[in-house]
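Worksheet for the structure shown next.
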Amino acid sequence: MRLTSIDHVHVYVDDLNEAVKWYKDILFFTVTPKYKFWFDQGGPLVINNNDVHLSLFKRTSQSIGNTIAFGTDKLH
């Protein structure tokens, strides 16, 4: 298997609105309309700047940590 990209990163935040504003103002991310339904159904809010995607999760009981999803060229 060959890794082709970092597909997305999960970011756990205490204040979702503040995080969205920071990523917009500092790194020019915007909400990804294609994945807005996930957030509307209780999932993460996906934001992007071109091909870079972050999944913002409201921190509830998650301990500090990261989740990174890689793109690959094969399933096995």
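Each residue takes its place number in the sequence, starting with 1. All values below come from the heavy atoms of this structure, side chains included, with hydrogens, waters and symmetry mates left out.
V20 and W38 are assigned to two separate hydrophobic clusters, defined by single-linkage of ILVMFWY side chains at heavy-atom distances under 4.5 Å. F37 and L45 sit in two unconnected hydrophobic clusters of ILVMFWY residues. Membership requires side-chain heavy atoms under 4.5 Å apart, directly or through other members. In the hydrophobic clustering of this structure, V46 does not group with I26; members are Ile, Leu, Val, Met, Phe, Trp, Tyr whose side-chain heavy atoms approach within less than 4.5 Å, directly or through other members. Taken together through direct or relayed side-chain contacts under 4.5 Å among Ile, Leu, Val, Met, Phe, Trp and Tyr, Y12 and L27 form parts of separate hydrophobic clusters.
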Kindly determine whether Y35 and N48 satisfy side-chain contact (heavy atoms from CB on, under 4.5 Å), including the steps that lead there. CA-CA 10 Å; Y35 300 117; N48 74 288; over 6 Å; no

Pair L56, Y23 - check side-chain contact (heavy atoms from CB on, under 4.5 Å), show working. CA-CA 10 Å; L56 300 179; Y23 280 103; 4.0 Å; yes

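Residues F29 and V52 come closest through the heavy atom pair CE2-O, 3.6 Å. When all heavy atoms of P44 and F57 are compared, the closest pair comes out as CB-CZ, 3.4 Å. When all heavy atoms of T32 and I47 are compared, the closest pair comes out as OG1-C, 3.4 Å.
With hydrogens and angles ignored, the 3.5 Å screen pairs no side-chain donor or acceptor of T4 with any backbone N or O of D73.
Sorted by first and then second residue, the salt bridge (charged side-chain N to carboxylate O under 4.0 Å, His left out) pairs involving residues 43-57 (not counting sequence neighbours) form an empty list.
In this structure, the side chains of E18 and V13 stay at 4.5 Å or more apart for every pair of heavy atoms. In this structure the side chain of D15 never reaches within 4.5 angstrom of the side chain of K58, judged on heavy atoms.
Residues satisfying the ring-ring contact (aromatic ring centres under 6.0 Å, His included) criterion with H8, sequence neighbours excluded, are H10. For D14, the side chain to side chain donor-acceptor pair (under 3.5 Å) partners at least two apart in sequence or on another chain are R59.
Within the model, atoms CG of D7 and CZ of F70 stand 10.5 Å from one another, a figure rounded to the nearest 0.5 Å.
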